[in-house]
Every structure is written in C-alpha cells, then in structure tokens.
Amino acid sequence: MEESWDFEFLSRLVDSLVSFLSEFVDDWLANDMRVAVFKILFTWLIISLVAIHFAWKVYGNTVNDMYYRQGTGGQNGGTPDTAPHLSGCEKKCCYQCPVTHLYLHKPS
C-alpha cells in the first residue's frame with residue numbers, strides 16, 4: 001500500500017515540476033518585461049555570488065585573522081561566562097546588586 005502512495009506522490013511532484021518548467025520556458029521565450037527584469041536580477045545575483053566567492057578566496061584569511069578571539073575564551077576554548085574586568089556583583093543582572101557607588105566621571 002505504501003508503494004502506491006509513494007508512486008502517486010512522486011508522480012504528482014514530477015507533473016507539477018514539468019508544468020512549472022513548461023510555463024517558465026513559455027514565459028522565457030515570450031521575452032516580455034518580467035523576463036527581462038528576471039534576467040537582469042538573476043545575472044546580478046550570479047555576478048554578486050561569484051564576486052563574493054573570489055573576494056573570500058583572496059581576503060578570507062585576513063578577515064578571519066582580524067576576528068580571531070585570543071585567550072581562554074578563544075576560538076576553540078569556549079566562551080567565557082563573564083567579562084574578566086567585571087567584579088562578581090557586576091557580572092550578575094543589574095537588579096540583583098545594590099548600588100553602592102555612582103560615578104559621574106571615570107575614576108582615576
């Protein structure tokens with residue numbers, strides 16, 4: 001019973017794909033404004049993807065080196081739980097810690 005269902009599903013899928021492609025080819029050969037816009041946008045997309053590919057080939061290592069995290073929370077060492085320059089209270093959410101001091105300017 002499953003084989004007939006799979007065959008029916010596959011048959012409908014192929015039929016819908018063939019009808020879509022035949023309509024697409026008919027529209028393509030009609031050469032109307034939609035097809036012209038589609039050709040322009042599709043060409044732009046392909047050229048952009050090729051340019052990105054070549055740019056990544058040339059500059060990829062440079063970009064990767066710029067954003068490589070060093071230290072204990074580095075690339076393969078996991079992400080640290082909190083920033084190392086914060087004290088224990090500042091690491092928690094702001095409403096959990098009482099305000100003990102306020103700075104209007106950076107302390108010296």
If Ile, Leu, Val, Met, Phe, Trp and Tyr residues are connected whenever their side-chain heavy atoms lie under 4.5 Å apart, and connections chain through other members, are [X] and [Y] in the same group?
{"X": "L41", "Y": "I46", "answer": "no"}
{"X": "V37", "Y": "L29", "answer": "no"}
{"X": "V58", "Y": "I52", "answer": "no"}

Under 6.0 Å from the CG atom of N61, do we count more than 12 heavy atoms belonging to anything else shown?
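No, because the 6.0 Å sphere around CG of N61 holds 12 heavy atoms or fewer from other groups.
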Heavy-atom neighbours of F38 CZ exceed 12 at 6.0 Å
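Yes, CZ of F38 has more than 12 neighbouring heavy atoms, counting only those of other groups under 6.0 Å.
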Distance-only, no hydrogens or angles: does the S16 side chain make a donor-acceptor pair with backbone N or O of R12 under 3.5 Å?
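Yes.
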Least distance between heavy atoms, D27 atom then D32 atom
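Nearest pair, atom of D27 first, then D32: O-OD1, 4.2 Å.
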Nearest heavy atoms of S22 and S19, plus distance in Å
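Scanning both residues completely, I find the closest heavy atoms to be OG-O, 2.8 Å.
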Is V14 close to L17 at the side-chain level, that is, under 4.5 Å between some pair of heavy atoms?
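They are not in side-chain contact.
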Applying ring-ring contact (aromatic ring centres under 6.0 Å, His included), can you list everything that pairs with F20, at least two apart in sequence or on another chain?
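Counting only residues at least two positions away or on another chain, F20 forms no ring-ring contact (aromatic ring centres under 6.0 Å, His included).
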Once side chain to side chain contact (heavy atoms under 4.5 Å, CB included) is applied, do any residues pair with L45, and if so which ones, sequence neighbours excluded?
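Per chain and number, L45 pairs via side chain to side chain contact (heavy atoms under 4.5 Å, CB included) with L49.
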